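In what follows, a single structure is set out as structure tokens and then discussed.
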Amino acid sequence: MLGSGLGLIGSAFAQGGGGGPVRELPPSQPTGPPIPEMEREMPIEPGRRLGWAVVGLGKFALNQILPSFGESRSSKLVALVSGNRQKAEQVAPRYGVETHNLYDYQSFDRIADNPEVDVVYVILPNALHAEYTVRAFKAGKHVFCEKPMAVTVEECETMIRAGREAGRKLMVAYRAQFEPHNVEAIRRVREGEIGALHLVTSDHGRILDPKDPADQWRMVKSLAGGGSLYDIGIYSLQAARYLTGEEPVEVFGQIVNKKDDPRFREVEDRMAFQVRFPSGAIANLSSSYSTSSVKRIQAFGEKGSLILDAATEYESNKLTLRTEKGRQEVKMKEQSQFAAEMDHFSQSVIDNREPKTPGEEGLRDIRIMQAIYRSAQEGKPIALDATGSLR
Ligand code: NDP
């Protein structure tokens, strides 16, 4: 039973976070034909903002997500789930969350009886995404889940299936796909401004800091699933996929760890990886936990190029275009990518349509990243089929 992992989560946090075994999910079921979506029992009144419950009050939730509800039009923060009651009680009044809407990991399933909550937003360490997604679906809620979607392909498949069985929607929080400069870059490439796209490069790096509690579980494989690739290399991979609009046919990865560095006993430091697409376009990508901050995406076509630098900051990203007309800095109106992605999901639920980045999108990235790890392990390129699985 999935709920039996609860004690572990609570105790792991009490010990300062990180460590401790994580329960495995049951093996995935055969895919089979799609299960038809259930009719909504209750239509949502027009103009109503959907109620969101945030699970996990860590660095990202507290500093980015909770404040972003203030800019949202269709989503309203109504509940918090945390292993730290004192923190939850401190945070709740700042956002108008009522005390009866505070849960911990043990009482989480009682959210099923709370009609104020429509959507559960999972912002936990990666290895806990699957468990809380499945439990939220069992409680009849829609799920918005942080990246990476989960640790294994099997977990992702279980999450997708649980959503279908519950007749509820699942979206992975790929904020860059809602960030105005990235959206504009995709538009410009699709409209042919830089000509046929042949090369994408993207690098995401930062220093992993053992003094930062948010980085402590990131060094533990059973909680993080992987190292810099899973955490930030996923932005490089996403960039290659959304700029080309294609799916990889081959990947090649190389891992380099700083020798004798205790941070990289369990997870990788640097991953240099190459992704080849059916059109012949190629992406040279990287992620790093031991270099100073970089969040850059570049696309090179036959007629020009574009640079996003920074590409995936929380704000103040920059898009520069170079074509035969010269160099142009593209100014975009700043708007919260967090509010945008949350509102997109609320609206998808209200309109009963597929969100832009559903579970299948998250699953595809996990499949590709697993192939990149395998390539690094075997020291040779790995071919992928149309679903992103090993050929
Ligand atoms: P933090 O460590 O800061 O927060 C994680 C929170 O999860 C903790 O504060 C704790 O909340 C809860 N938790 C429950 N069990 C555990 C456990 N065993 N160990 C540690 N924490 C536990 O991490 P982040 O906020 O940086 O990351 C959380 C998720 O968000 C990750 O999946 C990450 O990939 C994603 N993320 C996404 C970003 C984006 O830009 N889209 C940016 C940063 C992170 P509590 O005390 O309330 O119980």
Side-chain angles (χ1 to χ4, degrees), residues 126 129 145-153 156 172-179 182-183 185-186 189 197-206 218 224-256 267-279 281-289 291 294-300 308-313 317 337 341 356-377 381-390:
N126 307 339
H129 291 183
C145 179
E146 258 315 319
K147 51 53 60 176
M149 178 172 168
V151 168
T152 64
V153 164
C156 295
V172 181
Y174 283 125
R175 62 180 172 83
Q177 295 206 35
F178 295 85
E179 194 283 324
N182 283 263
V183 172
I186 297 167
V189 170
L197 178 59
H198 289 323
L199 174 68
V200 175
T201 70
S202 181
D203 304 290
H204 282 84
R206 70 180 185 87
R218 284 179 164 89
S228 68
L229 176 65
Y230 258 30
D231 193 32
I232 47 181
I234 193 169
Y235 292 109
S236 301
L237 174 61
Q238 274 271 306
R241 291 182 53 229
Y242 58 65
L243 284 171
T244 58
E246 296 182 59
E247 297 303 346
V249 288
E250 190 179 80
V251 297
F252 180 54
Q254 273 180 292
I255 290 175
V256 185
V267 299
E268 83 279 358
D269 165 11
R270 274 157 288 159
M271 176 72 90
F273 54 115
Q274 226 172 45
V275 175
R276 204 161 53 75
F277 293 97
S279 67
I282 193 142
N284 263 332
L285 311 169
S286 77
S287 61
S288 166
Y289 265 162
T291 55
V294 55
K295 295 170 178 172
R296 186 180 52 221
I297 299 170
Q298 303 180 93
F300 300 91
L308 284 150
D309 190 11
T312 55
E313 289 286 2
N317 291 303
Q337 52 197 300
E341 62 177 353
K356 187 175 176 183
T357 53
E360 287 75 6
E361 173 82 356
L363 164 63
R364 189 176 282 272
D365 279 343
I366 298 296
R367 277 201 179 122
I368 298 167
M369 291 192 293
Q370 288 282 324
I372 294 167
Y373 282 125
R374 177 144 172 201
S375 159
Q377 212 176 10
I382 300 277
L384 302 177
D385 70 13
T387 68
S389 305
L390 305 193

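The structure displayed is predicted, hence computed values, not measured ones. Along the sequence shown, residues carry numbers from 1.
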Report task. Could you check Thr201 against Gln298 for side chain to side chain donor-acceptor pair (under 3.5 Å), going step by step and ending with a plain yes or no? Result -> CA-CA 5 Å; Thr201 70; Gln298 303 180 93; 3.1 Å; yes
Query raised in the report: Under the salt bridge (Lys or Arg N to Asp or Glu O under 4.0 Å) criterion, do Asp365 and Arg241 qualify, and how do the steps go?
Result: CA-CA 10 Å; Asp365 279 343; Arg241 291 182 53 229; 2.7 Å; yes
**Report entry** Derivation and outcome, side chain to side chain donor-acceptor pair (under 3.5 Å), residues Glu179 and Asn317
**Finding:** CA-CA 9 Å; Glu179 194 283 324; Asn317 291 303; 3.2 Å; yes
Query raised in the report: Is there a side chain to side chain donor-acceptor pair (under 3.5 Å) between Tyr373 and Glu268 once you walk through the steps?
Result: CA-CA 10 Å; Tyr373 282 125; Glu268 83 279 358; 2.8 Å; yes
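For the atom pair Leu285 CG and Ile234 CD1, the distance stands at 12.5 Å (nearest 0.5 Å). Expressed to the nearest 0.5 Å, how far OG of Ser236 lies from CZ of Arg296 amounts to 10.0 Å. A distance of 12.0 Å separates OG of Ser288 from CG of Leu229, quoted to the nearest 0.5 Å. The distance from atom CD1 of Ile297 to atom CG of Leu243, rounded to the nearest 0.5 Å, is 6.5 Å. The CG atom of Asn182 sits 9.0 Å away from the CZ atom of Arg175 when rounded to the nearest 0.5 Å. One finds the CD1 atom of Ile372 at 12.5 Å from the CD atom of Gln254 (value rounded to the nearest 0.5 Å).
Under the 3.5 Å distance criterion, with hydrogens and angles disregarded, no donor-acceptor pair is assigned to the side chains of Glu341 and Gln177. When only modelled atom types and interatomic distance are considered, Thr312 and His204 share a side-chain donor-acceptor pair under 3.5 Å.
In this structure, Tyr235 has its ring center no closer than 6.0 Å to that of Tyr242.
Side chains of Ile255 and Arg270 form no contact here, defined as non-hydrogen atoms less than 4.5 Å apart.
Partners of Asp231 according to the salt bridge (charged side-chain N to carboxylate O under 4.0 Å, His left out) rule, which considers only residues two or more places apart in sequence or in another chain, are Lys147, Arg206, Arg218.
Between Ser375 and Gly253, the shortest heavy-atom contact is OG-N, 2.9 Å.
Judged by a 6.0 Å distance limit and a 45° cone about the ring axis, Lys356 is positioned over the six-membered ring of Phe178.
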